[in-house]
Amino acid sequence: MQLPPMHQAIDVMAEKLSAVKGMNDILPPDSARWEWLEDKVRALMARYAYRNVRTPIVEPTALFVRGLGEVTDIVEKEMYSFEDRLNGEQLTLRPENTAGLVRAVAEHSMLYDGGKRLYYMGPMFRHERPQRGRYRQFHQIGAEALGFAGPEVDAELILLADALWKELGIGDVRLEINSLGQPPERQQHRTELIAYLEKHADLLDEDARRRLHRNPLRILDTKNPAMQAMVDGAPRLIDYLGAQSLAHFEGLQAMLRANGIEYRINPRLVRGLDYYNLSVFEFITDSLGSQGTICAGGRYDYLIEQIGGKPAPAVGWALGIERVLELVKERGTHIPTLAPDAYAVIPDAQALPLALTTLQTLRAAGVSVQMHAGSGEGMGSMKSQFKKADASGARHALIFGADEVAQGMVTVKSLRDGSGTQVLRPLANALAWAAEIRS
Ligand code: ATP
Ligand code: MG
């Protein structure tokens with residue numbers, strides 16, 4: 001095979017290859033927790049009538065620059081961007097999925113017949129310093145409602161997230177909300193915020209100084225403890241909201257209260273991305289150290305237009321799967337195990353064709369069966385096969401011994417209830433006894 005020059009330069013024999021820093025393999029048994037979560041999310045989204053969307057992992061870089069805003073952490077320093085070697089296109093591994101989803105909605109005129117409720121799950125990429133709850137490839141689940149302007153969909157999305165926490169057994173996360181108002185209100189606030197920050201220029205760190213005239217709102221979001229007190233005294237956006245913005249915010253709150261959703265208004269809550277307006281919210285836990293935000297979202301009524309679509313209101317959230325699962329683990333939520341119902345013990349290779357046929361029948365009837373497989377030098381001793389049967393967690397062993405197979409039978413032995421009960425079952429109609437061993 002002819003390899004392109006770049007690949008020839010790599011000495012493939014030299015060293016052991018490992019995953020890229022900050023990017024994780026998700027392996028059994030942990031992957032069971034991921035599948036469990038994904039199943040719960042699919043079922044829940046269906047109950048709220050949100051439909052699945054899958055957009056490409058690679059998008060034009062311009063989508064994120066235009067969509068997220070140039071003066072954001074993501075666009076300034078976190079994107080995996082590269083040039084397509086064949087045609088020079090500027091491309092980026094998606095750092096988030098809202099911009100891609102909105103691009104798809106606009107590209108396919110999905111709102112032509114009314115609003116849409118959509119969700120996605122998948123990997124995102126940000127070049128950050130890896131630490132607990134912060135990775136370079138991480139995974140998000142997001143829910144987005146497009147084409148609806150009223151606060152009822154903001155409320156619906158928050159209720160959906162809240163229902164998910166309950167499903168996952170992590171009901172004790174707290175909700176913070178705020179309103180960023182509309183652009184003219186932000187404009188007025190911005191002028192006074194800049195004046196205030198200029199007065200305290202000596203306290204601004206390097207990031208803040210750079211953002212002062214380009215994106216001063218983001219300074220309120222600082223994690224620098226030395227700036228906290230100064231930032232606490234800054235003009236609050238919420239005090240600049242007009243009647244309509246306030247009505248939207250109060251409408252949302254009334255619906256949350258009516259549904260028993262506790263929340264706190266955090267006037268300093270702004271989102272890291274430029275595209276938000278009106279409602280913003282975060283679900284936060286104290287159990288994960290400084291990576292405590294598990295889900296964040298808000299309204300982004302101007303994004304579709306910004307990336308070239310027909311104007312339409314929109315609201316959504318994204319949760320970090322790694323952080324949510326960390327919390328699930330911490331809370332000790334019970335995850336159904338992946339133990340098979342039965343383990344097939346096959347002492348002699350001669351029984352294999354018949355054993356395989358029986359197992360196929362059982363599996364078609366919904367029984368999960370792990371087949372013992374040999375080493376290449378025979379099937380292994382009964383003792384070692386039973387050891388593997390035990391380790392598999394199966395509740396039954398199916399023993400395809402020469403004697404019983406000769407009689408057209410298989411022994412079903414109970415492994416978990418301590419009784420060690422053994423019964424003979426006919427091979428010919430496995431369907432008849434499948435239910436006995438199916439969990
Ligand atoms: P943070 O302030 O923690 O950097 P963010 O504001 O950048 O978060 P969003 O872009 O709003 O995060 O993404 C929504 C959610 O995705 C976050 O609340 C978090 O749970 C998760 N998330 C974001 N970045 C990462 C990452 N690098 N690794 C793991 N999860 C992440
Ligand atoms: Mg971030």
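By convention here, the first residue in the shown sequence is residue 1. First listed ligand is number 1; within each ligand, the first listed atom is number 1.
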Undergrad: Of all the heavy atoms in K223, does at least one lie under 4.0 Å from an atom in ligand 1?
TA: yes
Undergrad: Got a salt bridge between D207 and R218, using NZ or NE/NH1/NH2 to carboxylate O under 4.0 Å?
TA: no
Undergrad: Short list, please: which atoms of ligand 1 are under 4.0 Å from a heavy atom of G133?
TA: 28 (N), 29 (C), 30 (N)
Undergrad: Below a 4.0 angstrom heavy-atom separation, can you tell me which part of Q291, side chain or backbone, both or neither, approaches ligand 1?
TA: neither
Undergrad: Taking everything shown except K77 itself, do over 12 heavy atoms lie less than 6.0 Å from its NZ?
TA: yes
Undergrad: Identify, by atom number and element, the atoms of ligand 1 in contact range of I294, meaning under 4.0 Å from any of its heavy atoms.
TA: 18 (O), 20 (O)
Undergrad: Do we see a donor-acceptor contact under 3.5 Å between the side chains of Y300 and Q306?
TA: no
Undergrad: Cation-pi between R323 and F138: NZ/CZ under 6.0 Å from ring centre and within 45° of the ring axis?
TA: no
Undergrad: Go through ligand 1 atom by atom and flag the ones less than 4.0 Å from a non-hydrogen atom of A296.
TA: 11 (O)
Undergrad: Looking just at side-chain N and O atoms, do R186 and Y240 make a donor-acceptor pair shorter than 3.5 Å?
TA: no
Undergrad: Where the closest heavy atom to atom 5 (P) of ligand 1 is concerned, which of E96, R126, Q131 has it?
TA: R126
Undergrad: Does the side chain of Y50 pick up a donor-acceptor pair with the side chain of E156 at under 3.5 Å?
TA: yes
Undergrad: Check this for me, if you would: do E330 and R132 make a salt bridge, where the nitrogen-to-carboxylate-oxygen distance has to be below 4.0 angstrom?
TA: yes
Undergrad: Within a distance under 4.0 Å of any heavy atom of A318, pick out the atoms of ligand 1 and give their elements.
TA: 14 (C), 15 (C)
Undergrad: Answer yes or no for E322: is there a heavy-atom contact with ligand 1 below 4.0 Å?
TA: no
Undergrad: For ligand 1, is E128 a contact, meaning one of its heavy atoms is under 4.0 Å away?
TA: yes
